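None of these values were measured; they are calculated from a predicted model.
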Amino acid sequence: MTPAPLPSAPASGPAIELVDVTRRFVTPDAKVMTALRDFTMTVERGEFVCVVGPTGCGKSTTLNLVTGLARPNVGEVRVFGRPITGISPDIGFVFQADALFPWRSVLDNVAAGPVFRGMRKAEAHDKARDWIDRVGLKRFEQHYPHQLSGGMRKRVALAQTFINEPKILLLDEPFSALDIQTRTLMQDELLGLWSDARASVIFVTHDLEEAIAMADKVYVLTAGPATVKSVYTIDLPRPRVTAEIRYEPAFVDYARLIWNDLREEVQRSHNQASAAAAA
């Protein structure tokens with residue numbers, strides 16, 4: 001069944017709101033674990049927000065709440081001013097691992113979303129060819145995922161997501177498996193696509209420099225159960241070239257400031273893990 005789109009959004013107000021959210025789940029050994037507690041976050045329309053925090057602090061849970069794949073036990077999640085009632089095609093998701101169909105060509109992978117939404121195959125292929133060209137893979141549209149490098153597969157994933165014109169884009173450590181050179185290229189690729197689409201973005205990453213290079217705003221989460229420890233507005237000019245912005249004095253100042261904040265939570269998370277292992 002094709003998911004229904006969200007009702008028409010109000011003309012103003014934030015794109016995403018998590019308001020005093022607590023999210024619990026039951027572990028395989030039947031214990032109740034709290035992933036998020038009293039968690040509040042706001043993403044404005046067209047804003048690029050990055051989320052950093054210690055391993056296992058609930059960053060991915062935050063994305064699942066926005067998609068509707070998870071529901072809060074306490075609090076409310078709103079998209080364009082309305083509570084989430086299900087999974088919406090207005091939300092695009094780029095995963096850490098490849099989410100491509102291995103038996104489909106690049107062309108058919110990128111066209112899959114429009115076809116699923118009812119577009120004629122020929123029209124979807126025309127639209128897909130345009131996006132494949134935009135991500136620099138025009139010569140590879142008949143290749144299969146196993147014939148592509150990691151960076152090329154990630155370009156396909158971006159085209160596969162942006163072709164559906166999402167109003168909200170969620171990215172869960174999408175470039176973490178790439179080498180540093182390819183990762184830098186993909187960061188610039190994503191920023192270029194986002195600047196055209198102006199989707200509202202939540203980008204989860206463990207890489208603080210990546211967060212500062214890309215974001216309008218960086219949220220720092222506490223060690224689990226996670227809540228928002230601090231929020232930093234990144235006042236660096238756009239458009240940005242991520243390989244170059246890192247050498248700006250203001251970038252270095254942001255990195256030092258935020259890392260001093262984040263380091264406390266990383267150490268706290270490490271201490272929690274060590275204590276649990278010794279118990």
Side-chain angles (χ1 to χ4, degrees), residues 15-16 43-52 59-60 62-63 66-67 89-100 106 109-110 112-113 127-128 130-138 140 145 148-219 232-248 251 254-255:
I16 304 167
V43 180
E44 303 296 339
R45 295 171 188 239
E47 188 174 43
F48 198 120
V49 167
C50 282
V51 179
V52 298
K59 298 185 293 296
S60 297
T62 303
L63 299 185
V66 177
T67 63
D90 289 332
I91 298 176
F93 206 130
V94 181
F95 300 91
Q96 181 177 1
D98 292 331
L100 306 181
V106 168
N109 262 290
V110 177
K127 190 173 183 180
D130 176 60
W131 275 100
I132 291 168
D133 188 20
R134 290 176 71 172
V135 298
L137 293 176
K138 186 174 184 178
F140 298 92
L148 306 175
S149 69
M152 293 166 76
R153 289 195 299 271
K154 197 59 67 176
R155 288 175 186 269
V156 177
L158 291 177
Q160 191 182 51
T161 301
F162 276 96
I163 193 174
N164 297 314
E165 301 176 1
K167 296 181 177 66
I168 289 173
L169 184 59
L170 309 176
L171 303 104
D172 193 359
E173 298 188 69
F175 307 142
S176 61
L178 303 177
D179 63 80
I180 186 62
Q181 295 91 343
T182 305
R183 182 186 302 188
T184 301
L185 291 174
M186 293 309 306
Q187 290 164 355
D188 289 336
E189 189 76 44
L190 173 59
L191 287 178
L193 295 173
W194 165 76
S195 67
D196 292 336
R198 302 308 297 180
S200 305
V201 176
I202 300 179
F203 186 108
V204 165
T205 178
H206 278 100
D207 186 334
L208 179 56
E209 288 194 2
E210 179 175 64
I212 298 169
M214 303 188 74
D216 296 314
K217 193 182 294 177
V218 174
Y219 275 76
Y232 294 89
T233 298
I234 307 301
D235 188 16
L236 295 172
R238 294 193 186 275
R240 298 177 192 167
V241 178
T242 59
E244 297 175 3
I245 199 73
R246 288 171 166 84
Y247 298 103
E248 295 292 330
F251 182 97
Y254 280 124

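- Closest non-hydrogen pair, A255 versus L208, comes out as O-CD2, 3.8 Å.
- L170 is not listed as a side-chain neighbour of V94, based on a closest heavy-atom distance of 4.5 Å or more.
- Take A213 and apply the side-chain contact (heavy atoms from CB on, under 4.5 Å) test, not counting sequence neighbours, and it matches T242, I245, R246, F251.
- Residues satisfying the salt bridge (Lys or Arg N to Asp or Glu O under 4.0 Å) criterion with D133, sequence neighbours excluded, are absent altogether.
- Put simply, the side chain of E47 gets close to the backbone of E44: a donor and an acceptor are under 3.5 Å apart.
- Proximity of F48 to L191: side-chain heavy atoms (C-beta onward) are separated by under 4.5 Å at one or more points.
- To the nearest 0.5 Å, atoms CZ (R153) and CG (N109) are separated by 11.5 Å.
- Without hydrogens or angle criteria, T182 side chain to L178 main chain gives no donor-acceptor distance under 3.5 Å.
- Here CZ of R155 is found 15.5 Å from CD of Q160. Values are rounded to the nearest 0.5 Å.
- Shown here for G46 and S200, the closest heavy-atom pair between the two residues is N-OG, 3.0 Å.
- Qualifying side-chain hydrogen bond (donor to acceptor under 3.5 Å, both in side chains) partners for K154, counting only residues two or more places apart in sequence or in other chains: none.
- For the pair T161 (side chain) and G92 (backbone), a donor-acceptor distance under 3.5 Å is absent.
- Of all heavy-atom pairs spanning W194 and A199, the tightest one is NE1-O, 2.9 Å.
- Legend: residues meeting ring pair (Phe, Tyr, Trp, His ring centres under 6.0 Å) with Y232, ordered by chain and number and at least two apart, are absent.
- Here the CE-CE distance, from M186 to M152, works out to 11.0 Å after rounding to the nearest 0.5 Å.
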Inset, instruction - Evaluate the side chain to side chain contact (heavy atoms under 4.5 Å, CB included) criterion for residues I234 and Y254: first the C-alpha distance (whole Å), next the side-chain angles of each, then the deciding distance (0.1 Å), finally the verdict. - result: CA-CA 8 Å; I234 307 301; Y254 280 124; 4.0 Å; yes
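- Taking D216 as the reference, R238 meet the salt bridge (Lys or Arg N to Asp or Glu O under 4.0 Å) condition, with sequence neighbours excluded.
- In this structure, S195 has no side-chain hydrogen bond (donor to acceptor under 3.5 Å, both in side chains) partners at least two apart in sequence or on a different chain.
- A heavy-atom distance below 4.5 Å is found between the side chains of V52 and V218.
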Inset, instruction - Apply the test side chain to side chain contact (heavy atoms under 4.5 Å, CB included) to residues I202 and I168: give CA-CA distance (whole Å), side-chain angles for both, the deciding distance (0.1 Å), then the verdict. - result: CA-CA 8 Å; I202 300 179; I168 289 173; over 6 Å; no
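- Using a 4.5 Å cut-off on side-chain heavy atoms (C-beta onward), L193 and W131 make contact.
- With sequence neighbours excluded, no residue satisfies salt bridge (Lys or Arg N to Asp or Glu O under 4.0 Å) with D235.
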Inset, instruction - For side chain to side chain contact (heavy atoms under 4.5 Å, CB included), just list the numbers for V43 and V66, CA-CA rounded to whole Å, side-chain angles, deciding distance to a tenth of an Å, and then say yes or no. - result: CA-CA 11 Å; V43 180; V66 177; over 6 Å; no
Legend entry - Trace of the salt bridge (charged side-chain N to carboxylate O under 4.0 Å, His left out) decision for K127 with E165: CA-CA 12 Å; K127 190 173 183 180; E165 301 176 1; 3.6 Å; yes
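- Under the side-chain hydrogen bond (donor to acceptor under 3.5 Å, both in side chains) criterion, T205 pairs with E210, sequence neighbours left out.
- Checked against ring pair (Phe, Tyr, Trp, His ring centres under 6.0 Å), F93 has the following partners two or more places apart in sequence or in another chain: F95.
- Listed by first then second residue, pairs satisfying salt bridge (Lys or Arg N to Asp or Glu O under 4.0 Å) with a partner in residues 173-187 read R183-D207, not counting sequence neighbours.
- Ion pair E248/R240 not flagged as a salt bridge, since none of the NZ, NE, NH1 or NH2 atoms sits closer than 4.0 Å to an Asp/Glu carboxylate oxygen.
- Residues V49 and F203 are not in side-chain contact: their nearest non-hydrogen atoms beyond the backbone lie 4.5 Å or more apart.
- Listed by chain and residue number, nothing satisfies the salt bridge (Lys or Arg N to Asp or Glu O under 4.0 Å) test with R198 (two or more places apart in sequence, or in another chain).
- The minimum heavy-atom distance between A243 and T184, with the atom names listed, is CB-CG2, 3.6 Å.
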Legend entry - Residues L190, F175; criterion side chain to side chain contact (heavy atoms under 4.5 Å, CB included); working and verdict: CA-CA 10 Å; L190 173 59; F175 307 142; 4.1 Å; yes
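- The side-chain hydrogen bond (donor to acceptor under 3.5 Å, both in side chains) search around S60 returns D172, not counting sequence neighbours.
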